Each structure stands twice: as C-alpha cells, then as structure tokens.
Amino acid sequence: MHQKPLELILARNFLTSLSTPAFLVDESGTMIFYNEAAGGLLGISFEESGRMPAAEWGRAVGPFGDDGEPMPIEEIPTTKALRKGRPAHGRFKMRSVTGNEYDIEASALPIVAEGGQEGAMIFFWTHGDHNSHEPV
C-alpha cells in the first residue's frame with residue numbers, strides 16, 4: 001500500500017476541525033474520509049463506515065436526482081469539473097443510512113499537489129436553516 005500524499009493528510013486534518021459537513025475523496029473518487037458533521041447527516045461515523053469506492057457511496061448516500069434514483073458519479077457536473085481540475089458547485093439529494101433525505105448544495109475543490117491532482121474536498125449544506133441538518 002502506497003503512502004498517502006501529504007496534501008490529503010493535511011486536508012483530512014483541516015476537515016476534522018470544521019463543523020461544515022465535508023468529504024475527502026482521492027483521485028479515483030474513493031471517499032477516504034468524512035468529518036463528524038457529515039457523519040451526523042449520514043447517520044454513521046467515518047470510523048464505522050470506512051473508505052468507500054465512488055459507486056458504493058453513490059448507491060448508499062447519494063447523490064440522488066429529483067426522481068430519487070442514484071446519479072451516476074461520472075455524470076455529475078461536479079465530478080466532470082473535478083476531473084478537469086476545476087472547482088464546481090451543484091444541488092443534489094442525499095440520504096442517510098437511516099433513510100432521512102436531504103436537499104443539499106455541494107461545493108467541490110480539487111486538491112492539486114506538485115505532481116498533479118490528488119483528490120478533492122467536497123463541502124455541503126442542507127437547504128433551509130444553514131446546516132440545520134433537518135431532513136426534508
């Protein structure tokens with residue numbers, strides 16, 4: 001197993017200190033960390049879930065379209081922008097492991113290291129009261 005890039009380690013430390021829900025994904029789209037605030041929305045802590053490939057977390061928690069169906073990760077505008085090394089923003093639905101559904105806005109920022117893009121940080125907000133974490 002290869003060593004994680006320093007930038008991903010620093011990003012994880014940064015996200016740990018935030019009360020804004022956030023995910024950290026590697027260059028392949030694998031969710032390699034999410035913070036306590038995100039765990040509160042998802043209904044499960046990162047320590048309980050562990051790392052998840054993009055397809056797995058896409059089926060489990062979203063994003064989902066207005067029809068309630070999972071959105072293919074490669075078709076999401078934020079994914080397309082991140083693949084090109086650009087920041088992106090979008091609106092989606094997500095679902096906790098307990099079935100609560102949330103309308104969210106997500107902003108994704110690529111993490112670019114000296115050798116190229118290493119992953120991305122994805123911050124999200126629930127609609128309504130700022131990060132009220134109330135299901136829709």
Side-chain angles (χ1 to χ4, degrees):
M1 188 172 219
H2 72 288
Q3 185 176 358
K4 288 183 191 166
L6 176 61
E7 292 80 6
L8 292 181
I9 294 167
L10 294 172
R12 179 180 173 143
N13 290 342
F14 172 64
L15 296 183
T16 299
S17 67
L18 296 179
S19 59
T20 301
F23 295 144
L24 180 61
V25 297
D26 67 13
E27 72 282 352
S28 71
T30 297
M31 185 185 312
I32 60 172
F33 178 72
Y34 56 86
N35 64 11
E36 187 176 328
L41 281 177
L42 297 175
I44 186 170
S45 70
F46 179 75
E47 290 73 21
E48 294 171 294
S49 72
R51 298 168 55 107
M52 284 188 271
E56 184 180 328
W57 62 263
R59 284 190 307 274
V61 300
F64 298 99
D66 289 333
D67 60 2
E69 293 297 315
M71 297 174 72
I73 296 295
E74 293 302 322
E75 296 302 314
I76 300 169
T78 49
T79 301
K80 290 179 179 181
L82 288 170
R83 297 268 190 245
K84 294 177 183 175
R86 295 192 332 254
H89 186 81
R91 293 181 143 197
F92 313 103
K93 291 188 181 298
M94 68 178 279
R95 197 174 298 140
S96 73
V97 297
T98 58
N100 291 333
E101 192 171 274
Y102 300 92
D103 286 320
I104 65 161
E105 288 193 52
S107 292
L109 299 169
I111 299 171
V112 181
E114 190 173 305
Q117 187 168 333
E118 298 290 351
M121 294 182 290
I122 305 163
F123 303 91
F124 56 98
W125 298 264
T126 57
H127 282 246
D129 209 354
H130 293 289
N131 282 330
S132 65
H133 308 319
E134 292 298 316
V136 293

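Quick note: numbers below take in every heavy atom, side chains included, and nothing from hydrogens, waters or symmetry partners. Everything numeric in this text was worked out from a predicted model, so none of it was measured.
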Q) Would you call the rings of F14 and F123 parallel, tilted or perpendicular if under 30° counts as parallel and over 60° as perpendicular? A) perpendicular
Q: Without swapping roles, check the side chain of H89 against the backbone of A108 for a donor-acceptor pair under 3.5 Å.
A: no
Q: Report, as yes or no, whether the 6.0 Å neighbourhood of atom CG on N13 holds more than 12 heavy atoms from other residues, nucleotides or ligands.
A: yes
Q) So, do R51 and F46 sit near enough that their side-chain heavy atoms are less than 4.5 Å apart? A) yes
Q: Measure across A54 and G29 and return the closest heavy-atom pair with its distance rounded to 0.1 Å.
A: CB-O, 3.4 Å
**Q.** Within-4.5 Å side-chain heavy-atom neighbours: I44 and Y34
**A.** yes
Q. Quick one: CG on L41 to OG1 on T126, what's the gap to the nearest 0.5 Å?
A. 6.0 Å
Q) Is there a donor-acceptor pair closer than 3.5 Å between any side-chain N or O of S96 and the backbone N or O of T98? A) yes
Q: Check A38 against F23 and note the closest heavy-atom contact, atom names and distance.
A: CB-CE2, 4.1 Å
Q: Would you kindly confirm whether I122 and V112 end up in one hydrophobic cluster when ILVMFWY residues are joined by side chain heavy atoms under 4.5 Å apart?
A: no
Q.
Could you measure the distance from the CH2 atom of W125 to the CD atom of E105? Nearest 0.5 Å is fine.
A. 8.0 Å
Q: Would you give the length of the straight line joining atom CG of L42 to atom CH2 of W57, rounded to the nearest 0.5 angstrom?
A: 10.0 Å
Q.
How long is the straight-line distance from CD of E118 back to CD of E27, given to the nearest 0.5 Å?
A. 6.0 Å
Q.
For a 4.5 angstrom cut-off between non-hydrogen side-chain atoms, does L8 reach F33?
A. no
(Q) Does any part of the side chain of L24, heavy atoms only, come nearer than 4.5 Å to the side chain of I111, both counted from C-beta? (A) yes
Q: To the nearest 0.5 angstrom, please state how far the CD atom of E36 sits from the OG atom of S19.
A: 10.0 Å
**Q.** Inter-residue atom distance D103.CG - F92.CZ, 0.5 Å rounding
**A.** 12.0 Å
